[in-house]
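Inspection log for the structure reproduced underneath, given as structure tokens.
Hydrogens, waters and symmetry mates are skipped; everything else that's a heavy atom, side chains included, is used.
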Protein chains: 2
Amino acid sequence: MTELRSVPTLDDVARTAGVSTATVSRCLNSPERVVEQTRKRVMSAVEQLGYTPNFGARAMAAKRTFTIGAIIPTMENAIFARGLQAFQEELHARGYTLLVSSSLYQPEVEDEQIRSLVARGADGLLLIGHDRDPSVYSYLQSRAIPVLSAWVYLPESDQPTVGFDNRQSMRALAQKVIDFGHRRIGMISGVTKGNDRAAARLAGLRDALAANGLDPEAMPLIETPYEIENGAVALQSLMASDDPPSVVMCGNDVLAVGALRGARDMGLSVPDDVSITGFDDIELARIVTPQITTVHVPHREMGRKAAQALIDMVEKRSTGASVELKSTLQIRDSLRDLTR
Amino acid sequence: MTELRSVPTLDDVARTAGVSTATVSRCLNSPERVVEQTRKRVMSAVEQLGYTPNFGARAMAAKRTFTIGAIIPTMENAIFARGLQAFQEELHARGYTLLVSSSLYQPEVEDEQIRSLVARGADGLLLIGHDRDPSVYSYLQSRAIPVLSAWVYLPESDQPTVGFDNRQSMRALAQKVIDFGHRRIGMISGVTKGNDRAAARLAGLRDALAANGLDPEAMPLIETPYEIENGAVALQSLMASDDPPSVVMCGNDVLAVGALRGARDMGLSVPDDVSITGFDDIELARIVTPQITTVHVPHREMGRKAAQALIDMVEKRSTGASVELKSTLQIRDSLRDLTR
DNA sequence: TTGTAAGCGTTATCAC
DNA sequence: GTGATAACGCTTACAA
């Protein structure tokens, strides 16, 4: 039958073990400071009562939660999934718990969630990208909560970052595209407002154009949220021009996969009629046909390193140094080499 | 420069507003019980100090957190993303916050996370599927924490469920496959141990075989974790047989997409050489070529309904009734009709 | 309408 | 090694 006796507390454990609450607390937090025999007695009382420490009370007394908060722009697509998984694994291995929420790419939502995570006692925070209102950083600083920005590498920033150089990476890919003989280049970018990664990728492409004597201003460009459907629509709009591009470079793989479908639906062949490139190298990029040329990002390594760096900050072993990871080009069938 | 005064508390707000802590608390929780003038004074003090209530303290005092916990098997692929997103939106609309963690399909990990969410004061829990150790349910019952199982519909269960009939759904798809003239049917199933959805889908296929005079025992079957790569490997193994199946039915779309790639890598054409079906109807199923025949699951509706049902339980408006949602067949190009 | 004060379940600082 | 006991920040009777 339903036993509905109330939830056991430290007190209950102490009473049934015949010790003080202090001793029970010690058994749980620093067992070595308690004699074997007492510890056994206490532990069996814990077992018997099914005791679980109350998190809120613990946080309040210890001013420490072993909780790390992370806010990612979206969970809907796989962009952050792999990195976050690695982040969480590393945290877990070091005795921390991860709390995740998603901001839907909206700064106000992110703000709210930062406050919520802080109120919940997060010992440290992982944020994606670095471009946000300075008040966010000063708020966190006033509470002495370490923050780490990931998915970007900005050594000159006040805050530590763990990631790669989005601008340089896109520039490298664009250079390859140009080397392959493409001159009419179009871009489908993510929304750059409030998204420094998207902005950096766009800038990187422009860098490459300028460096090769092409006019960055003349490049056909569509900005649209990272959704497959949007990629499809954008591609069709770019290709409807009188002088359509020979290659469409996308701000990420999600848009690229959409662009691929858009081309297919339009009866265009990829890469014969138009080449398509992506960014991120998520699984999707290898699943579609043709496979998508993209920038490979070391997601798992980034997640792991971010966890290490953040914990070091939380545990005051460091004040936060930035870590740079290297991206690499993944040339696949969706990009045609016009030079041969 | 860096202001590092300590975090403001209710006390601070009370002091600067010149009222008692009780009044501040009231302003925050039931503003109508405080006179306009006082409220204004208090709110401006809140603003000025940048006060945020401490969650732990609040939970401890109020025994209520407006937090719902959810544990899903994985975040790595999109199976649960859409439903969870809707779940979270509905919670948010009703003033609740969602805490998510993933169990990696491991019951022990799930156990640990349930306890962690409970310790954090979750007012209610959403779990995926229903098949777990009874001690889990009795633990939750002893603490009077409402649980809801989603992604399944089991009216006869002790616990409320919100979902669809996995077995019947797969049976319906299999019947369609058989109607299309397929007799040599192979299956790539998810791991059925500890996963009632996977087990039900397998059972549904067997039901259909038996109902049509085919031998369920003779069906080539591979069980493997839900990963794209595994689907590819499994398909190649099934197709390497002397008498390969004319259709491979997969436990979900992730496996199906993998199977598709496996076939392609093997030089087989889908659906001419072999048909492939999936389950769930995630975005992926429409992106690959050919598009995958699958069972459409109303993810968003399921998430929304689950949130409503769970909140009703938490707020004691109901003791938990199960809700059935209907799945539908999505016949697409990956399934060949052999009858014409 | 507002204030007082008793918890809520821990941890940590002292003594013993 | 172990036990009192004072925080920790908030909510909520109960009083005023």
Side-chain angles (χ1 to χ4, degrees), chain A residues 5-43 45-46 49-67 115-116 118-123 143-144, chain B residues 5-43 45-46 49-67 115-116 118-123 143-144:
Chain A
R5 60 179 179 291
S6 73
V7 181
T9 70
L10 246 207
D11 247 338
D12 299 324
V13 176
R15 209 169 310 120
T16 83
V19 298
S20 74
T21 60
T23 300
V24 178
S25 177
R26 279 189 209 101
C27 283
L28 268 28
N29 300 302
S30 36
E32 72 283 0
R33 298 181 48 200
V34 171
V35 156
E36 165 94 30
Q37 198 194 358
T38 332
R39 200 189 328 156
K40 270 196 168 155
R41 206 142 36 91
V42 170
M43 286 323 213
V46 165
L49 297 174
Y51 166 78
T52 329
N54 176 305
F55 181 82
R58 177 174 266 192
M60 204 155 60
K63 303 194 160 306
R64 194 91 204 310
T65 60
F66 288 94
T67 295
R115 289 179 203 261
S116 157
V118 168
R120 284 191 141 77
D123 293 335
R143 327 226 144 187
Chain B
R5 60 176 179 290
S6 73
V7 180
T9 70
L10 245 206
D11 247 336
D12 299 323
V13 177
R15 209 169 311 121
T16 84
V19 298
S20 74
T21 61
T23 300
V24 179
S25 176
R26 280 188 208 104
C27 282
L28 268 28
N29 299 303
S30 35
E32 72 284 0
R33 297 183 47 202
V34 171
V35 153
E36 166 94 30
Q37 197 195 359
T38 333
R39 202 190 325 158
K40 270 196 168 155
R41 205 141 37 92
V42 170
M43 286 324 214
V46 164
L49 296 174
Y51 167 77
T52 331
N54 176 304
F55 182 82
R58 176 176 266 192
M60 204 156 59
K63 302 190 162 307
R64 197 76 213 295
T65 61
F66 288 94
T67 294
R115 288 178 206 263
S116 157
V118 169
R120 285 190 139 76
D123 293 335
R143 326 226 144 187

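Counting 5' to 3', DNA chain C first comes under 4.0 angstrom of a heavy atom of chain B and last does so at the ends given by C/dT1 to C/dG9. In 5' to 3' order, the nucleotides of DNA chain D bounding all contacts with chain B (an atom under 4.0 Å from a heavy atom) are D/dG9 to D/dA13.
Using a 4.0 Å heavy-atom distance criterion, B/S30 is classed as making no nucleic acid contact. Using a 4.0 Å heavy-atom cutoff across all strands shown, B/Y51 reaches sugar-phosphate atoms only and no base atom. Among the atoms of the strands shown, only primed sugar atoms or phosphate atoms (P, OP1, OP2) are found under 4.0 Å from some heavy atom of B/N29. A/T9 comes within 4.0 angstrom of the backbone, heavy atoms only, and of no base.
Between B/A57 and A/A22, it is B/A57 whose nearest contact on DNA chain C lies nearer the 5' terminus. Comparing B/R26 and B/G56 by the nucleotide of DNA chain D whose heavy atom lies nearest to each, the residue mapping closer to the 5' end is B/G56. Each of B/S20 and B/M60 was matched to the nucleotide of DNA chain C holding its nearest heavy atom; the match closer to the 5' end belongs to B/S20.
Side-chain atoms of B/R26 do not come within 3.5 Å of backbone N or O of B/V34 as any donor-acceptor pair. In terms of modelled atom types and a separation under 3.5 Å, the side chain of A/D123 and the main chain of A/R64 share no donor-acceptor contact. The closest donor-acceptor contact from the side chain of B/T65 to the backbone of B/G121 lies under 3.5 Å.
B/A119 meets the side chain to side chain contact (heavy atoms under 4.5 Å, CB included) test with A/T52, A/F55; sequence neighbours excluded.
A distance of 15.5 Å separates CZ of B/R58 from NZ of B/K63, quoted to the nearest 0.5 Å. A/T16 OG1 to A/L49 CG: the interatomic distance, rounded to the nearest 0.5 Å, is 4.5 Å. Taking CZ from B/R33 and SG from B/C27, the interatomic distance works out to 11.0 Å, rounded to the nearest 0.5 Å.
If you check the side chains of A/R120 and B/T67, you find a donor sitting under 3.5 Å from an acceptor.
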